[in-house]
Amino acid sequence: MAVRALLHYALEVPDQAVGERFYKNFGLVSEPGRDNAVHLRPAPLAREVALLYGGPKKRLHHIAFGAPGDEFQATRESIRRAGVSEIDPPKGAPEGGFWIRDPDGHAINIRQETLPALPPDPPLRLNSPGHITRVAERGYPDDLEPRPRRLSHVLLFTPDLDRLINFYTRILGLRLSDRSRSIIAFLRCSTDHHNLGLLTSSGPGFHHAAYEVGNIDEIAMGAMKMKERGWEPAWGPGRHVIGSNFFYYIKDPWGSYAEYFHDIDYIPEDCAWEPQDYPEEDALYRWGPPLPEDFGMNREVE
Ligand SMILES: [Fe+2]
């Protein structure tokens, strides 16, 4: 029993139009509204991955995980056996699946679904010492628009890291990939190094959602375009230690973030991956600009 995919996240935000503009500038496309939410998806993916509901202030509305085929009933049964009660869907939430709350009060939707297949990019052709893949051909990129391919993970604040790790691994079957002390932990339900990150704070909150792009050029050009469009740059480019991804974070209209990333660690289902507990200095990055002071600030508990 286990969930196998992070399907989407939903935020409640004070201005849906501003949120829609931010994510469209970021590179997502919006689907025509079928309800009161703004529905956003990466252009190549035939599924929405971010929903924006109206509300008094920014907060996480819910997260949806996929448990395809037999995993759906098995996960539901395991949740029942663990004594976790199902709840009614939050008002206006998408139909389907069943709902529970995590120990921080976040609504979680488990759906009998998997993510649609993503059309693969052509292989990267990079020249490196001793490995030439591009011959007699100019390699600089076109003036490209950032084009997120898929949602990979969300990172949430939590006041009790171990309680949440325990819930998501024991009840939903996620696996711990790595952590850093009692600061941060990374869990996966797919081959991505992490689909859910948990960062210690004084209360629950939404920190960021991360989208995969095609290469490091696209990260940097995405960052540049977002700055041109008036969105405050936040942090990057850099490279994480935990998960190994190149990153750039853009501050969203509510002081949380959207991340462009590339080259995250890939962990197949059956492999010998031992979670490591990293020292504090490795919790965030191997290289990059200095961490902005407010990067870890949870504005939902101010
Ligand atoms: Fe991230």
Side-chain angles (χ1 to χ4, degrees), residues 5-9 11 22-23 26-28 40 42 49-50 58 60 63 65 106 115 146 148-158 161 164-165 168 174-180 183-201 204-216 218-220 222-223 226 231-252 254-267 275-276 278 280 282-292 294-300:
L6 171 65
L7 298 174
H8 69 250
Y9 64 100
L11 302 177
F22 171 80
Y23 275 117
F26 184 79
L28 301 185
L40 297 144
V49 298
K58 188 268 292 180
L60 185 71
I63 297 181
F65 290 100
H106 300 127
L115 282 168
R149 312 297 198 273
R150 65 187 182 92
L151 169 71
S152 161
H153 61 266
V154 294
L155 188 125
L156 305 179
F157 291 111
T158 177
L161 193 64
L164 243 61
I165 294 171
Y168 280 100
L174 279 78
R175 298 201 201 172
L176 178 68
S177 292
D178 287 307
R179 68 185 294 169
S180 176
I183 306 165
I184 195 163
F186 295 93
L187 313 175
R188 69 183 185 279
C189 60
S190 72
T191 50
D192 281 336
H193 177 276
H194 49 280
N195 305 105
L196 178 67
L198 302 168
L199 177 61
T200 295
S201 175
F206 170 82
H207 184 274
H208 76 263
Y211 290 87
E212 186 175 35
V213 294
N215 52 37
I216 187 78
E218 207 175 323
I219 292 182
M226 287 299 273
W231 301 106
E232 191 182 348
W235 187 40
R239 187 144 196 169
H240 286 305
V241 174
I242 309 181
S244 307
N245 43 317
F246 294 104
F247 64 80
Y248 195 101
Y249 294 85
I250 319 278
K251 198 177 275 183
D252 69 20
W254 320 286
S256 38
Y257 303 95
E259 176 189 2
Y260 295 118
F261 81 86
H262 179 68
D263 195 24
I264 201 164
D265 291 338
Y266 178 93
I267 309 176
Q276 285 194 42
Y278 285 87
E280 187 172 351
D282 288 337
L284 283 162
Y285 65 129
R286 175 64 77 225
W287 60 261
L291 185 70
D294 63 349
F295 188 73
M297 183 186 288
N298 182 358
R299 290 177 174 81
E300 293 176 46

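Keep in mind that what you see is a predicted model, and the values were worked out from it rather than measured. Atoms within each ligand, like the ligands themselves, are counted from 1 in listed order.
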So, at under 2.8 Å, which protein N, O or S atoms would a careful student list around the Fe ion (ligand 1)?
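Correct list: H153 NE2, H208 NE2, E259 OE1.
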
Consider ring-ring contact (aromatic ring centres under 6.0 Å, His included). Of H262, H208, H240, which one does F247 pass it with?
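The passing option is H240.
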
Can you name the side-chain hydrogen bond (donor to acceptor under 3.5 Å, both in side chains) partners of Y285, sequence neighbours left out?
none

Who pairs with P204 by side chain to side chain contact (heavy atoms under 4.5 Å, CB included), at least two apart in sequence or on another chain?
D104, H106, P159

Set of residues satisfying side chain to side chain contact (heavy atoms under 4.5 Å, CB included) with respect to L161, sequence neighbours excluded:
T158, I165, R179, A185, L198, T200

Run through E212, H153, E259, R239 and flag the one making a side-chain hydrogen bond (donor to acceptor under 3.5 Å, both in side chains) with N245.
E259

Are the side chain of H207 and the backbone N or O of F295 linked by a donor-acceptor pair below 3.5 Å?
yes

